[in-house]
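The block underneath contains the structure these notes are about, expressed in structure tokens.
One-based numbering, in listed order, for ligands and for the atoms of each. All values below were derived from every heavy atom in this structure, side-chain atoms included, with hydrogens, water molecules and symmetry-related copies excluded.
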Amino acid sequence: MNNFTILGGGIGGLSLAIALQRKGIPATVYEAAPSYKPLGAGLGLAANAVKAYQEIGISEEVVAAGKKLKFAFGKTPDGRIISQTDMDAMTRRFGVLNSFTIHRADLHEVLYRLAAPGSVHTSKAAVDVQQHTTGVTLTFADGSSAVCDYLIAADGIHSRIRQRLVPETTPRYAGYTCWRGVTQGMPVGMNPDEMSETWGPGRRFGVVPLPGNRVYWFATLNAPMNDDRMRRAKQMELKEIFKGFHFPVTALLEMTPDDQIIWNDIIDLKPMRRFAFGRIVLMGDAAHATTPNLGQGACMAIEDAATLANALAAYAPEEAFRRFETHRIRRTTSIVNQSWNFGRIAQLENPLLMTLRNAAFRMLPESMIHQQLRDLYDVSFHP
Ligand SMILES: Cc1cc2nc3c(=O)[nH]c(=O)nc-3n(C[C@H](O)[C@H](O)[C@H](O)COP(=O)(O)OP(=O)(O)OC[C@H]3O[C@@H](n4cnc5c(N)ncnc54)[C@H](O)[C@@H]3O)c2cc1C
């Protein structure tokens with residue numbers, strides 16, 4: 001039987017390992033990190049990710065580790081509503097749970113637990129890859145190597161494997177930077193069933209309740225790339241940047257210790273035309289990293305896992321990789337582009353344009369929103 005190696009034990013890599021193993025296809029994961037620590041912030045997983053986990057057969061375990069929300073709001077800094085989505089109504093309409101939130105570390109924990117014992121190897125950072133006629137050889141930073149028949153690169157946006165195969169694809173900066181945090185506890189008076197995103201001039205603040213009375217928040221700001229002031233900005237600076245924003249923005253910042261604030265610039269990959277390279281295929285962020293504006297990066301990695309596992313169960317590996325590429329490239333390209341454009345609109349700074357944008361969002365007919373969601377959630381995992 002063919003031997004499949006997955007490089008990168010993140011959301012995509014672990015989901016694929018489980019999907020393959022449940023089909024009786026052995027898969028080994030090599031992950032650079034020394035262990036799965038309770039790090040990171042929150043994630044919103046939309047109905048398409050839930051559908052993909054249903055396809056893989058683990059949606060109950062994953063959903064049980066998260067929190068279902070009732071409403072999502074778009075707001076202005078003074079708290080006026082720009083848009084409103086009734087999540088329960090969407091769940092009823094589309095017949096699958098629409099949007100739940102989960103701590104990234106909790107998702108990793110569930111996936112790691114569901115992967116076959118002994119199939120995930122940590123402290124294995126690949127530094128080189130060689131494809132030959134009979135297989136693929138990975139070389140790791142610790143000097144060891146592994147030979148496999150086929151390699152699935154799920155090693156994230158800075159993928160070493162992609163850099164090797166397509167050196168010209170480098171991440172592009174979206175023009176805004178981002179801070180994230182998770183509070184232990186919820187500000188008194190905050191609604192635990194509502195998430196919101198508030199749009200100020202060139203800045204946004206998102207509030208996302210998590211299970212266990214925790215709250216995930218994110219904050220964005222238009223800024224130069226890799227700016228030292230942004231890197232150093234902590235609670236005090238963020239309170240200044242988001243001064244005047246409605247409750248519970250300041251309260252959440254005050255509940256987050258400086259050493260728990262994560263910072264990174266927002267980057268993505270300009271859509272690529274190829275994911276399959278003979279015995280190697282790229283998936284997840286390694287193939288189609290997106291800006292987080294639509295909350296779809298992890299969802300697409302999970303969709304990839306369900307699709308690739310179905311392809312490998314039905315076709316010879318190289319044919320499966322090609323079919324996966326054909327099946328996935330249009331959808332992922334469209335989501336990456338939509339998310340990029342949405343981010344530009346959401347990060348507007350000009351007051352007149354902001355007023356026009358907010359008015360346009362308030363007037364969006366419900367039918368149009370439903371159609372957009374239907375397009376997003378109408379996904380097939382059979383290439
Ligand atoms: C601010 C922000 C908010 C987001 N919010 C959401 C959201 O709400 N919903 C959503 O769906 N998505 C969201 N995303 C996107 C989501 O985080 C990614 O799309 C998702 O993590 C991609 O999964 P992946 O498995 O492809 O890559 P990753 O999660 O990046 O995993 C890659 C793995 O590969 C390992 N690795 C890397 N290099 C090597 C190597 N050389 N050797 C071995 N292992 C290696 C890494 O350690 C890592 O474990 C957000 C992203 C950001 C930045």
Side-chain angles (χ1 to χ4, degrees), residues 5-17 28-37 39-50 52-53 66 69 72 99-105 107-108 111-112 120-129 138-142 146 151-164 171 174 176-181 195 197 204 206 208 210 216-220 262-269 275 282-305 308 332 335-336 339 343 376:
T5 284
I6 300 167
L7 187 72
I11 297 167
L14 287 178
S15 300
L16 175 64
T28 305
V29 179
Y30 291 106
E31 163 57 41
S35 61
Y36 285 90
K37 290 202 185 119
L39 297 173
L43 282 173
L45 292 184
N48 53 325
V50 177
Y53 276 135
L69 296 180
S99 272
F100 76 103
T101 64
I102 189 164
H103 197 295
R104 190 182 287 266
L107 179 57
H108 277 153
L111 297 175
Y112 183 69
V120 182
H121 303 272
T122 50
S123 293
K124 287 287 179 192
V127 289
D128 195 21
V129 61
L138 281 172
T139 307
F140 298 106
D142 62 5
L151 175 70
I152 296 121
D155 52 340
I157 186 165
H158 300 290
S159 169
R160 278 255 178 179
I161 308 299
R162 190 193 64 243
Q163 282 166 20
R164 252 321 177 81
Y176 39 99
T177 200
C178 179
W179 297 266
R180 288 175 281 171
M195 62 188 266
E197 187 171 308
R204 281 179 282 165
V208 185
L210 290 174
Y216 159 51
W217 59 261
F218 59 87
T220 66
I262 304 169
W263 169 80
N264 56 273
D265 277 341
I266 295 300
I267 52 177
D268 79 351
L269 283 180
F275 298 160
L282 305 174
M283 71 170 286
D285 274 13
H288 45 64
T290 176
T291 51
N293 302 304
L294 302 180
Q296 276 292 317
C299 298
M300 287 196 289
I302 299 161
E303 288 182 358
D304 281 356
L308 200 44
T332 55
I335 292 175
V336 168
S339 182
L376 197 57

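Looking from atom 47 (O) of ligand 1 to the surrounding protein, the closest heavy atom is Glu31 OE2, 2.7 Å. Counting only heavy atoms of the protein, atom 12 (N) of ligand 1 lies nearest to Ala298 N, 3.0 Å. What sits closest to atom 28 (P) of ligand 1 on the protein, heavy atoms only, is Gly156 CA, 4.4 Å. From the protein, the heavy atom lying nearest to atom 8 (O) of ligand 1 is Gly44 N, 2.9 Å. Nearest protein heavy-atom contact of atom 6 (C) of ligand 1 is Leu43 CD2, 3.4 Å. Summary of contacts: the protein heavy atom closest to atom 44 (N) of ligand 1 is Ala32 N, 3.1 Å. Looking only at protein heavy atoms, the nearest one to atom 26 (O) of ligand 1 is Asp285 N, 2.8 Å. Protein heavy atom closest to atom 24 (P) of ligand 1, with residue, atom name and distance, is Gly12 N, 3.9 Å.
Those atoms of ligand 1 that come under 4.0 Å of a heavy atom in Gly284, given as number and element, are 26 (O). Within ligand 1, counting atoms from 1 as listed, the ones closer than 4.0 Å to a heavy atom of Arg160 are 41 (N). In summary, the atoms of ligand 1 found under 4.0 Å from a heavy atom of Gln296, numbered by their order in the structure, are 10 (C), 11 (O).
For ligand 1, the polar-atom distance check finds an N/O of Arg104 within less than 3.5 Å of one of the ligand's N/O atoms. Taking distance alone, with nitrogen or oxygen atoms compared against 3.5 Å, Ile11 approaches ligand 1 more closely than that limit.
When heavy-atom distances to ligand 1 are checked against a 4.0 Å cut-off, Val127 has no atom that comes that close, whether in backbone or side chain. Contacts with ligand 1 closer than 4.0 Å are made by no heavy atom of His158, backbone or side chain. By the criterion of a heavy-atom distance under 4.0 Å, the backbone of Lys124, and not its side chain, is placed next to ligand 1. Looking at Cys299 against ligand 1, both its backbone and its side chain come within 4.0 Å, counting heavy atoms.
The residue among Gly13, Ala154, Ala153, Pro292 with a heavy atom at the shortest distance from atom 32 (C) of ligand 1 is Ala154. The residue from Asp265, Val208, Leu282, Asp155 that puts a heavy atom closest to atom 37 (C) of ligand 1 is Asp155.
Judged purely by atom type and a 3.5 angstrom limit, Gln163 uses its side chain to pair as donor or acceptor with the backbone of His158. No donor-acceptor distance shorter than 3.5 angstrom exists from the side chain of Arg204 to the backbone of Thr220, with no hydrogens or angles considered. Side chain of Asp304 to main chain of Gly284: a donor-acceptor pair is present (N/O by atom type, distance under 3.5 Å, no hydrogens or angles). Side-chain atoms of Thr291 never come within 3.5 Å of backbone atoms of Asp268 as a donor-acceptor pair (strictly under, hydrogens ignored). In terms of modelled atom types and a separation under 3.5 Å, the side chain of Arg162 and the main chain of Ile157 share a donor-acceptor contact. A donor-acceptor contact shorter than 3.5 Å links the side chain of Asp155 to the backbone of Arg160.
The closest side-chain heavy-atom distance from Arg164 to Asp128 is below 4.5 Å. Contact check for Gln296 versus Asn48: side-chain heavy atoms found under the 4.5 Å cut-off.
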(message) Walk me through whether Val336 and Met300 qualify under side chain to side chain contact (heavy atoms under 4.5 Å, CB included).
(response) CA-CA 10 Å; Val336 168; Met300 287 196 289; 4.3 Å; yes
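Considering all non-hydrogen atoms of both residues, Ile11 and Ile302 come closest at CG2-CG1, 3.7 Å. Smallest separation of non-hydrogen atoms from Tyr53 and Ser15: OH-OG, 2.8 Å.
A donor-acceptor contact closer than 3.5 angstrom is absent between the side chains of Ser35 and Thr122.
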